[in-house]
Enquirer: 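Just passing along the structure, written as structure tokens.
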Number of protein chains: 2
Amino acid sequence: MVRKPATLKDVAALANVSRATAARALNSYGYVGDETGRKVQAAAETLGYRGNRLAQALRGGRLPVIGCILGDIQNPFFARIAHDIEVLCRECGHNLVIASSEEELEQEISLLASLQSLGIRGFIVAPASAEGNSHLQRLTAEHVPIVMVDRVAEDVECDSVAVDNEGGARKAVDYLIGMGHHRIGLLQDNARIFTSRERMNGYHAALSANDIKANDRIVSVSQSTVEHAVDATIRLFSQKTPPTALFTVDSLMTQGALLAFRSMGISIPYDVSLIGFDDFNLATFTDPQITVVSQPVSEIGRTAARLLFDRLSGKSNDMQKIRFETKLVVRGSVSHRSGR
Amino acid sequence: MVRKPATLKDVAALANVSRATAARALNSYGYVGDETGRKVQAAAETLGYRGNRLAQALRGGRLPVIGCILGDIQNPFFARIAHDIEVLCRECGHNLVIASSEEELEQEISLLASLQSLGIRGFIVAPASAEGNSHLQRLTAEHVPIVMVDRVAEDVECDSVAVDNEGGARKAVDYLIGMGHHRIGLLQDNARIFTSRERMNGYHAALSANDIKANDRIVSVSQSTVEHAVDATIRLFSQKTPPTALFTVDSLMTQGALLAFRSMGISIPYDVSLIGFDDFNLATFTDPQITVVSQPVSEIGRTAARLLFDRLSGKSNDMQKIRFETKLVVRGSVSHRSGR
DNA sequence: TTGAAAGCGCTAACAG
DNA sequence: CTGTTAGCGCTTTCAA
């Protein structure tokens, strides 16, 4: 009872035509007699013919599959992007392979290689590192379509979709300064990561524009998970003179900071003010609600996928480097600090 | 400058051996001379030979790819599972195709078909519907390895990993009743979904064990998104005699209920008590913290993937139907209700 | 309008 | 130990 899936040969046999004819009828190209066409269709139907994409891909082009390499699918930001990409892929008759680099360059490289040997049609990548992307350069040199999402590797020439990270961070820190804060802590990801780096730049730009000199002791680096961020926040706020405000570079870190503050008995916004980059579902559940820099997250994934399919269909010509604006969403986690 | 990737033929030519020998050397099987082996390796190295999985798969078995069809990757529960599955796949030298059924049976069917034609090795599926799974039956009949995760389709004979939904729900509702609640609302997903159904059963079991008769008016059905759950909760609590407690069947719904309560000015746990099925990151951020039924989420994905690889390697014999226990995590969202 | 035949890149008998 | 050969399922010239 182990029926092997029907092949084109089976269909052709049942319809009494050659394999070539059957293929023509099924894929509707070339000349096929009306009557013959119907016969083949019927045969395919009864046999439940599905076609073998593997064979098709081997023969002609590549598999109708897109590869997507992101940092971490558990980050709601990436989950949202992955979801949107998947929907668009489906609309375009493609499937999506999702892989996570876990922010390791090595892993990104090996993932890319293994996906490429699968005969995948194109990639959407959030590069783990802002530089040293010779593996991506090689792919583009071989004309494998790549779109970078959320992060831009400056040394790779391809389409990209990102947001104005520096501007967003700058708005946040400017706002904090405007509220009277001078000791503004920064909780950031590894500076190798493009977004972290740009957001850090925005932070520094805001400080120096306001004649505040940066202080390494109130900058903490942590992996982008809630747990790591908790530790980093505790380190930061266990100092003798802790910051009066904190800027966190992504939503997982913001949540970690929140948890840390709670466990340390530090209350927002009285003891400390907080702004996070990237909005998140529960930012409005807490009391007070959290002020954030929001990104147009619903646009990012869709746009990246659209760029990729445009390129696959040869529609687009020159590289598109898209940057979306960010917005400071003021809620209740920042208080005015008088004096000093 | 468009170097086509090197093929086995190229390697063989460069090494001055036949393709068969080259293949043997590269895949290290059969007899290969020491010297020859080295020559081939070197040739492969210089050419950057990668091998074409497509061709390998066409010839022999299937692609080293696992397909994973879940309800919604944006649900943190599924995101976590997908992540864990991906990690295990990678350890086993496989890639992961992720697709979302969006809880539509039709979509699940077409997804499965399109993935199967990709020559995928096995599937991990959270069936959109508890019944009517002839598409899954067909696959198992063709000996395509399938593992069901989170949800079990009773009419399909394959490995599965799920939790004790009924027991978990029962514990939650028993607890509410023990705290003096009689009008306990239920916010559930479509009853076609296995987990929703089982959790609903637990709810009803608890009620009838305590001689409380069920009341349809305080049961609300909604899609599992925060937005839909907000609306459903508002409907539920706009009645003349609203429930004094609410049990929600998943974490997105719990969050929706939270938002709805906030917008309606209903305060937890004074005006209403709340228990949600499935713990979530921010359940401890709110004030009060939310009491939940927690699942061993870190085990579920890994276990499912392990079952699948065991089956692929022929290690396992009879079907494994694994059920994990759930745990009631008491926090602060339930208050005692005296009288009535 | 249809069929015959070649071949995508690879592996696995089977000879040698 | 190595080469020859056949063929996985499909598409696509080229002839008929």
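Just so it is clear, the model here is predicted, and its values are computed rather than measured. Convention: sequence-line order gives letters A, B, ...; per-chain numbering from 1.
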Enquirer: Going from CG on B/Asn133 to CG on B/Leu105, what distance comes out if it is rounded to the nearest 0.5 angstrom?
Expert: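 Going from CG on B/Asn133 over to CG on B/Leu105, the span is 6.5 Å.
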Enquirer: Only one of B/Val152, B/Ile146, B/Val149 clears side-chain contact (heavy atoms from CB on, under 4.5 Å) with B/Ser160; which?
Expert: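 Only one option passes, and that is B/Val152.
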Enquirer: In this structure, how many angstroms lie between the P atom of C/dT11 and the CG atom of B/Leu54, rounded?
Expert: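 Atom-to-atom, B/Leu54 to C/dT11, this comes out as 12 Å.
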Enquirer: Does any donor atom in the side chain of B/Ser114 or A/Asn95 lie under 3.5 Å from an acceptor atom in the other side chain?
Expert: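 Checked: B/Ser114/A/Asn95 side chains pair up, N/O donor to acceptor below 3.5 Å.
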Enquirer: Can you work out whether B/Thr36 or A/Ala6 has the more 5'-proximal nearest nucleotide on DNA chain D?
Expert: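 Closest to the 5' end, via its nearest nucleotide, is B/Thr36.
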Enquirer: Nearest heavy-atom pair of A/Met148 and A/Val156: which atoms, and what distance?
Expert: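 In terms of heavy atoms, the two residues are closest at CE-O, 4.1 Å.
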Enquirer: Measure CG/B/Leu47 against P/C/dG9 and give the value in whole Å, please.
Expert: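 So the two atoms are 13 Å apart, to the nearest Å.
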Enquirer: Output one line per pair: protein atom, nucleotide atom from nucleotides 12-14 of chain C, and distance, for all N/O pairs under 3.5 Å.
Expert:
none

Enquirer: List in chain and number order the residues that pass side-chain contact (heavy atoms from CB on, under 4.5 Å) with B/Val297, two or more places apart in sequence or in another chain; answer none if no residue qualifies.
Expert: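 Partners of B/Val297 under the side-chain contact (heavy atoms from CB on, under 4.5 Å) test: B/Phe77, B/Arg80.
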Enquirer: Out of curiosity, A/Arg197 CZ to A/Asp189 CG, how far, rounded to the nearest 0.5 Å?
Expert: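 Answer rounded to 0.5 Å: 12.0 Å.
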Enquirer: Working to the nearest 0.5 Å, report the span between CG of A/Leu70 and CD1 of A/Ile81.
Expert: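 That separation rounds to 7.0 Å.
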Enquirer: Hey, is the side chain of A/Thr21 poking within less than 4.0 Å of OP1 or OP2 on C/dT2, counting only N and O atoms?
Expert: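 No, because none of the side-chain N or O atoms of A/Thr21 sits under 4.0 Å from OP1 or OP2 of C/dT2.
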Enquirer: Of all nucleotides in DNA chain D that come within under 4.0 Å of a heavy atom of chain B, which is furthest toward the 5' end and which toward the 3' end?
Expert: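 Contact boundaries, 5' end first: D/dC1 to D/dG9.
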Enquirer: Between C/dA15 atom P and B/Tyr31 atom OH, what is the distance in whole Å?
Expert: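 Result: 18 Å.
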Enquirer: What is the distance, to the nearest angstrom, from the CG atom on B/Asn27 to the P atom on C/dG9?
Expert: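 The answer, rounded to whole Å, is 17 Å.
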Enquirer: Rounded to whole angstrom units, what separation is found between the CG atom of B/Leu63 and the C1' atom of C/dG9?
Expert: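 It works out to 14 Å between those atoms.
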Enquirer: Sequence neighbours left out, what passes side-chain contact (heavy atoms from CB on, under 4.5 Å) with B/Glu102? Give chain and number order.
Expert: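 For B/Glu102, the residues satisfying side-chain contact (heavy atoms from CB on, under 4.5 Å) (neighbours in sequence not counted) are A/His83, A/Val87, A/Arg90, B/Ser100, B/Gln107.
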Enquirer: Between the two end axes of the helix from C/dT1-D/dA16 to C/dG16-D/dC1, each built from 5 base pairs, what angle do you get to the nearest 10°?
Expert: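 That helix gives 40° between its end axes.
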Enquirer: Which residues pass the side-chain contact (heavy atoms from CB on, under 4.5 Å) test with A/Asn16, not counting sequence neighbours?
Expert: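 Counting only residues at least two positions away or on another chain, A/Asn16 forms no side-chain contact (heavy atoms from CB on, under 4.5 Å).
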Enquirer: What's the verdict on side-chain contact (heavy atoms from CB on, under 4.5 Å) for B/Thr7 and B/Asn52, showing C-alpha distance, side-chain angles and the deciding distance?
Expert: CA-CA 8 Å; B/Thr7 77; B/Asn52 182 335; over 6 Å; no
Enquirer: Taking atom OG of B/Ser101 and atom CD of B/Glu106, what is their separation to the nearest 0.5 Å?
Expert: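 Here the interatomic distance stands at 11.5 Å.
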